Amino acid sequence: MSVSWWIWAVLMLAIAAMLAVDLFLHRDNHVVGFREAAAWSGIWIAAGLLFGVVLWAWQGGDVAGTYYAGYLIEKALSIDNVFVFALIFTYFAVPAAFQHKVLFWGVIGALAFRLVFIFVGAELLETFFWTAYVFGAFLVWTGYKMAFRHDQQTPPDRNPVVRLVRKVVPTDPAFHGDRFFARVDGRRVATLLFVVLIAVEATDLIFAIDSVAAILAITTSTFIVWTANAFAVLGLRSLYFCLAGLLRRFVHLHYGLAVLLAFAGVKLILSETPVGKLPIPVTLGVIVVTIAVSIGWSLCSTTPDTEARDADAGSSPGTARR
């Protein structure tokens, strides 16, 4: 699918405008409640679905179906991001009023990471056929780790990137309001909120590899992969505030996400065999059924008071993907 440069420019300007509106409405660092988060989630999801309709009218049903498959798998994987964000915020005891700001700038970084990975990954798949086997095996292995090693946690401050930043950049182990940098004893230092932002960005760097590889298993069209990623990631902040109180009920969701990653890996490998690419309706069906079953299984296995019991027991709100 060939897309003119001006269409890319219009898309980037539209995304920048939406982010600017979001930043303006949250300039007072107010605590995001469930109703506000739900309303924004509805807006972001509607925008993502509407873009698929535009693609349908512009490029036809096959392209739109490919976009929706990529959007759904990225949206599903983003739920696992929410678990890790909750872990990071709990670990560093980030005040609720500052969490949206961290996630906002985290999303900016996530979009940048994904844009680079998309173009590099698509070029590799188009140029070297064997990279499909490498990416496919990576996704299958990632799915295995998610299914059977999901409980293994790494404290956020032990992340290599976070540790490197703390060594290179002078930091103060305290919050200074919503500022990422402050002046302490006459010198400019990074605040604890900046360390939290780095932890979020470093974690999303890993997430981006999985997510982009999974969508590249569906299509190598950079425009489709980028838009599916962008519209899914744009709603990540509101999704976090919507699901923060339900995280402990998604006890079996990681199995569904593991299946999706493994399925994407197998699909990518099969694309370079006589079997070829699986039909988009099959891909969409697998994604929808897997997500529905894993969420339904989780909700049926828990009760609404699970969160309260886990909070009293002192358990963490989620587990890291790695």
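All of these numbers come straight from a predicted model, not from anything done at the bench. In what follows, residues are counted from 1 in the order of the sequence shown.
Applying the side chain to side chain donor-acceptor pair (under 3.5 Å) rule to pairs touching residues 185-203 yields nothing, sequence neighbours excluded. For residues 172-182, the side chain to side chain donor-acceptor pair (under 3.5 Å) pairs, not counting sequence neighbours, are Asn29-Asp178, Asp172-His176.
Under the rule for a side chain to side chain contact (heavy atoms under 4.5 Å, CB included), the partners of Ile45 that lie at least two apart in sequence or sit in another chain are Leu49, Tyr71, Lys75. Applying the salt bridge (charged side-chain N to carboxylate O under 4.0 Å, His left out) test to Arg237 and every residue at least two apart in sequence or in another chain returns Asp22. Remark: Ser238 engages Trp40, Ser41, Trp44 in a side chain to side chain contact (heavy atoms under 4.5 Å, CB included) (not counting sequence neighbours).
With Phe51 as the fixed residue, the ring-ring contact (aromatic ring centres under 6.0 Å, His included) test singles out one of Tyr68, Trp56, Tyr67, Trp226: Tyr67.
Of the possible polar contacts, one joining the Thr131 side chain to the Phe128 backbone as a donor-acceptor pair under 3.5 Å is found. No donor-acceptor distance shorter than 3.5 angstrom exists from the side chain of Ser211 to the backbone of Ala208, with no hydrogens or angles considered. Between the side chain of Ser298 and the backbone N or O of His252 there is at least one donor-acceptor pair closer than 3.5 Å.
Taking the six-membered ring for Trp and the full ring otherwise, Phe241 and Phe34 have centroids separated by 6.0 Å or more. The aromatic ring centroids of Phe138 and Trp141 lie 6.0 Å or more from each other.
Of the N and O atoms on the side chains of His26 and Glu36, at least one donor lies less than 3.5 Å from an acceptor on the other residue.
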Show me the donor-acceptor pairs within less than 3.5 Å that the side chains of residues 280-287 make with the rest of the protein, sequence neighbours left out.
| residue | atom | partner | partner atom | Å |
| --- | --- | --- | --- | --- |
| Thr283 | OG1 | Pro279 | O | 3.3 |

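The aromatic rings of Phe223 and Trp58 sit perpendicular, their planes meeting at an angle over 60°, well past the 30° parallel limit.
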